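Notes for the one structure printed next.
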Amino acid sequence: MNEPVTSIGRLLVEDEATLSPGTLSSSDEYAANPRFLQLQEELRYVLFTAAASHAPSRAGGASPRPTDVVEEAGPGLLRNSLDFAQVSIPKIRLINYLKNWIIECAPHLDKFDEESHFGVHIPILAQSSPALFYAILAFSARQSERKACLEKSYDSLELYQQSIRLLGPCLQARDPDVLVTVCILGCLELMSVSPRDWRRHVEGCAALFDAYNVHGFSGGHLQAVFWCYARMELCGAIISDGTESTILPLHKWVPPQDAESEEQREELIRELFCGNDCSNPDLHANWAVYLCAKACNMACRQSRFLELGELDQYDMRPFIHQWVRLWDELQFWREHRCPAMLPIRTTTTGGDRIFPDILFAHWAAISGNQLYHTACIMMLQMKPTGTPPLPPSPHSSAVWHARRICGISLTNPHSGNLINAIQPLYIAGKLLSHRTEHITVARLFKKIENSTGWGALWRLRDLERAWGYDQGEILSTV
């Protein structure tokens with residue numbers, strides 16, 4: 001089902017054409033900048049070349065000392081001494097970008113991580129990794145530029161270029177920490193250009209995660225970085241609307257499982273995520289990412305193997321059997337949530353309340369539950385003929401799940417989870433029929449773009465078409 005990420009030669013030559021301005025997700029000129037496009041291709045080439053030239057295992061040779069990487073990266077860079085003179089940007093602005101990373105950017109990426117690796121551990125790691133340091137600054141600068149609508153400010157472009165220039169020695173040194181840098185640069189690209197081109201920005205990450213054998217249970221900051229990457233994968237898979245599966249096959253999201261059947265392998269994976277009591281909210285939220293990605297892959301299987309007649313070499317079970325197993329897995333996820341994953345307040349709709357209030361105390365619970373509802377909608381929309389009837393329950397109603405998705409975002413304004421809500425809100429929005437609902441969802445999309453810097457209005461334009469409005473008709477009312 002999945003394309004192997006080791007097909008490096010094919011990946012190096014495809015997609016050579018640059019993006020046209022018409023594919024941009026927002027009105028800024030950044031993504032059409034020839035230098036940005038050139039750097040994107042340069043980064044892709046570097047990553048795929050590195051993945052093709054060596055594939056170290058996590059149990060293999062030891063990683064180099066951080067000082068080895070620093071010495072190879074360039075003169076004047078000493079451990080714990082960051083050389084701001086390598087770029088033309090004033091030092092005070094670089095310091096502000098570092099502050100913005102800690103205050104604004106890192107919490108977006110740490111929303112499923114109570115240990116706050118992006119906010120605490122990775123800035124410490126960056127003190128001995130110039131490529132990572134400049135990647136952090138580039139991401140923060142780009143987020144600041146988008147949030148302030150600064151069309152002509154390109155500090156992030158210079159910092160992005162500097163990070164790529166310093167990336168080569170880290171790749172040559174076979175340092176697995178390079179995955180942190182690569183993931184942050186991938187996030188920057190997704191924030192800056194058309195999300196419809198998501199594959200271009202995560203293929204290199206996928207190749208390196210595969211080469212270094214890093215997965216969702218590797219531990220420490222690499223595990224946190226993997227799940228950040230996985231959320232990018234999931235975003236892209238939803239955008240593809242059943243035409244693409246995840247780039248990194250799902251069996252590589254977890255450690256290898258010695259199982260005699262697919263059912264046994266699924267049981268072993270369930271144990272990885274929830275153990276005996278499902279008491280870890282971060283892990284439970286990551287499990288929701290995994291299950292939602294599995295639903296996306298099932299949608300791709302439905303279109304490719306059932307409708308187009310291709311041979312499914314990944315899972316030979318009947319599609320109905322696959323569907324029932326995943327639906328049961330999703331309901332098991334819901335029924336075994338730990339207290340931190342449950343809402344602390346829930347209200348029903350009625351009166352002036354269009355969507356329910358569903359308040360969560362834990363950051364991971366917000367997106368984790370939203371992704372559960374998203375996966376359920378996708379599953380109900382591709383429920384195969386002949387499937388046994390579902391028990392009478394709100395959980396068997398796609399519209400019920402859609403209202404929950406909207407209610408969660410309206411009640412929980414955490415900006416990182418608003419970013420993660422763009423695709424779930426689109427999936428939910430297509431099921432809403434009343435203009436008042438449309439306007440409320442439109443306001444949510446506008447709030448996401450204005451408050452976070454991430455492009456969201458392109459999805460609202462997609463919804464306007466799905467709802468039958470003229471382009472900009474709903475947007476003009478908010």
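Everything quoted here is computed from the prediction, not taken from an experiment. All residue numbers refer to positions in the sequence shown, counting from 1.
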Exercise. Quick one: list whatever passes salt bridge (Lys or Arg N to Asp or Glu O under 4.0 Å) with Lys294, sequence neighbours left out.
Key: Glu266
Self-check item: Heavy-atom side-chain contact between Gln127 and Phe133 under 4.5 Å
Solution: no
Exercise. Please step through side chain to side chain contact (heavy atoms under 4.5 Å, CB included) for the pair Phe273 and Val254, ending with a clear verdict.
Key: CA-CA 10 Å; Phe273 280 107; Val254 297; 4.2 Å; yes
Quiz item: Passes side-chain hydrogen bond (donor to acceptor under 3.5 Å, both in side chains), Gln223 versus Ser218? Steps please.
Solution: CA-CA 5 Å; Gln223 177 171 317; Ser218 291; over 6 Å; no
Quiz prompt | Asp462: partners by salt bridge (Lys or Arg N to Asp or Glu O under 4.0 Å), with sequence neighbours left out | solution = Arg196, Arg459, Arg465
Practice problem: Assign the ring pair Phe217 / Trp227 to parallel, tilted or perpendicular, where the plane angle (0 to 90°) is split at 30° and 60°. | Solution: perpendicular
Quiz item: Nearest heavy-atom pair of Ser245 and Arg199: which atoms, and what distance?
Solution: O-NH1, 3.6 Å
Quiz item: Does the side chain of Glu189 come under 3.5 Å of the side chain of Tyr160 through a donor N or O and an acceptor N or O?
Solution: yes
Quiz item: Does the side chain to side chain contact (heavy atoms under 4.5 Å, CB included) test come out yes or no for Asp177 and Leu132, once each step is laid out?
Solution: CA-CA 9 Å; Asp177 285 342; Leu132 174 56; over 6 Å; no
Quiz item: Taking it one step at a time, do Glu115 and Asp110 satisfy side chain to side chain contact (heavy atoms under 4.5 Å, CB included)?
Solution: CA-CA 8 Å; Glu115 295 186 37; Asp110 279 331; over 6 Å; no
Practice problem: Is it possible for you to check whether Arg231 lies under 6.0 Å from the centre of the six-membered ring of Phe112, through NZ or CZ, and within 45° of that ring's axis? | Solution: yes
Practice problem: Look at the side chain of Asn417 and the backbone N and O of Ile366, then say whether any donor-acceptor pair between them is shorter than 3.5 Å. | Solution: no
Self-check item: Distance-only donor-acceptor check, side chains Gln370 and Ser409, under 3.5 Å
Solution: yes
Quiz prompt | side-chain contact (heavy atoms from CB on, under 4.5 Å) involving Gln38 - partner list, sequence neighbours excluded | solution = Arg35
Quiz item: Do Ser303 side-chain atoms and Cys300 backbone N/O form a donor-acceptor pair below 3.5 Å?
Solution: yes
Quiz item: Partners of His221 by ring pair (Phe, Tyr, Trp, His ring centres under 6.0 Å), sequence neighbours excluded?
Solution: none
Practice problem: Verify, without hydrogens or angle tests, whether Thr49 (side chain) and Val46 (backbone) share a donor-acceptor contact under 3.5 angstrom. | Solution: no
Quiz item: Which value, rounded to the nearest 0.5 Å, describes the distance between Ser144 atom OG and Leu137 atom CG?
Solution: 10.5 Å
Quiz item: Of all residues at least two apart in sequence or in a different chain, which pass the side-chain contact (heavy atoms from CB on, under 4.5 Å) check with Gln162?
Solution: Gln86, Val87, Tyr134, Arg165, Leu166
Exercise. Decide yes or no on side chain to side chain contact (heavy atoms under 4.5 Å, CB included) for Leu371 and Leu291, but give the supporting numbers first.
Key: CA-CA 9 Å; Leu371 290 176; Leu291 292 175; over 6 Å; no
Quiz item: Out of curiosity, Ile344 CD1 to Leu359 CG, how far, rounded to the nearest 0.5 Å?
Solution: 4.0 Å
Practice problem: Report yes if some heavy atom in the side chain of Glu42 is under 4.5 Å from a heavy atom in the side chain of Gln161; otherwise report no. | Solution: no
Practice problem: Spell out, as yes or no, whether a donor-acceptor pair under 3.5 Å connects the side chain of Thr411 to the backbone of Ile358. | Solution: yes
Quiz item: Is it true that the side chains of Ser415 and His108 contain a donor and an acceptor less than 3.5 Å apart?
Solution: yes
Exercise. Could you check if a side-chain atom of Ile239 sits within less than 4.5 angstrom of a side-chain atom of Tyr426, using non-hydrogen atoms only?
Key: no
Practice problem: Please tell me if the side chains of Thr246 and Leu250 come closer than 4.5 Å, counting only heavy atoms from C-beta onward. | Solution: yes
Quiz item: salt bridge (Lys or Arg N to Asp or Glu O under 4.0 Å) with Arg93: which residues, sequence neighbours excluded?
Solution: Asp155
Quiz item: Side chain of Ser156, backbone of Ala141: donor and acceptor closer than 3.5 Å?
Solution: no
Practice problem: For the pair Asn280 (side chain) and Leu283 (backbone), establish whether a donor and an acceptor sit closer than 3.5 Å, ignoring hydrogens and angles. | Solution: yes
Practice problem: Identify, with sequence neighbours excluded, every residue that meets salt bridge (Lys or Arg N to Asp or Glu O under 4.0 Å) alongside Glu464. | Solution: none
Quiz item: So, for Ala131 and Thr181, which heavy atoms are closest and what is the spacing to 0.1 Å?
Solution: O-CG2, 3.6 Å
Quiz item: With a 4.5 Å heavy-atom cut-off, do Leu185 and Ser163 have their side chains touching?
Solution: yes
Quiz item: Do the side chain of Asn33 and the main chain of Phe36 share a donor and acceptor less than 3.5 angstrom apart?
Solution: yes
Practice problem: Looking only at non-hydrogen atoms, find the nearest pair between Ile184 and Ala135 and report the distance. | Solution: CG2-O, 3.6 Å
Self-check item: Where Phe48 and Gly204 come nearest, the two heavy atoms and their spacing
Solution: CZ-N, 3.7 Å
Quiz item: Of the non-hydrogen atoms in Arg174 and Pro176, which two are nearest, and what is the gap between them?
Solution: O-CD, 3.4 Å
Quiz item: Hey, does Tyr229 have a side-chain heavy atom less than 4.5 Å from the side chain of Val182?
Solution: no
Quiz item: Of all residues at least two apart in sequence or in a different chain, which pass the side-chain contact (heavy atoms from CB on, under 4.5 Å) check with Asn96?
Solution: Ile92, Lys99
Quiz item: Short question: side chain of Asp113, backbone of Ala224 - any donor-acceptor pair under 3.5 Å?
Solution: no
Exercise. With sequence neighbours left out, write down each residue that passes ring pair (Phe, Tyr, Trp, His ring centres under 6.0 Å) with Trp101, or none if nothing qualifies.
Key: Phe139
Quiz item: Taking side chain as C-beta onward, heavy atoms only, is Lys447 less than 4.5 Å from Pro413?
Solution: yes
Quiz item: Atom CG in Leu425, atom CG in Leu418: separation rounded to 0.5 Å?
Solution: 8.5 Å
Quiz item: ring pair (Phe, Tyr, Trp, His ring centres under 6.0 Å) with His414: which residues, sequence neighbours excluded?
Solution: Trp363
Self-check item: Main-chain N/O of Arg334 paired to Arg337 side chain as donor or acceptor, under 3.5 Å
Solution: yes
Quiz item: Is it true that the side chains of Glu41 and Tyr45 contain a donor and an acceptor less than 3.5 Å apart?
Solution: no
Quiz item: Counting distance only, does the side-chain N/O of Asn412 pair as donor-acceptor with the main-chain N or O of Phe360 below 3.5 Å?
Solution: yes
Practice problem: Would you sort out whether Ser88 and Glu158 count as a side-chain hydrogen bond (donor to acceptor under 3.5 Å, both in side chains), showing the intermediate values? | Solution: CA-CA 8 Å; Ser88 63; Glu158 183 176 355; 3.0 Å; yes
Exercise. Give me the ring orientation class for Trp253 and Tyr290: parallel if the planes are under 30° apart, tilted from 30 to 60°, perpendicular past 60°.
Key: perpendicular
Self-check item: Set of ring pair (Phe, Tyr, Trp, His ring centres under 6.0 Å) partners for Phe445, sequence neighbours left out
Solution: none
Quiz item: Can you tell if the side chain of Glu104 reaches within under 4.5 Å of the side chain of Lys147, non-hydrogen atoms only?
Solution: yes
Practice problem: Could you pull out all residues at least two apart from Ala340 that satisfy side-chain contact (heavy atoms from CB on, under 4.5 Å)? | Solution: Pro281, Cys338, His362
Exercise. Quick one: closest heavy-atom pair of Gly429 and Leu463, and the distance?
Key: C-CD2, 3.7 Å
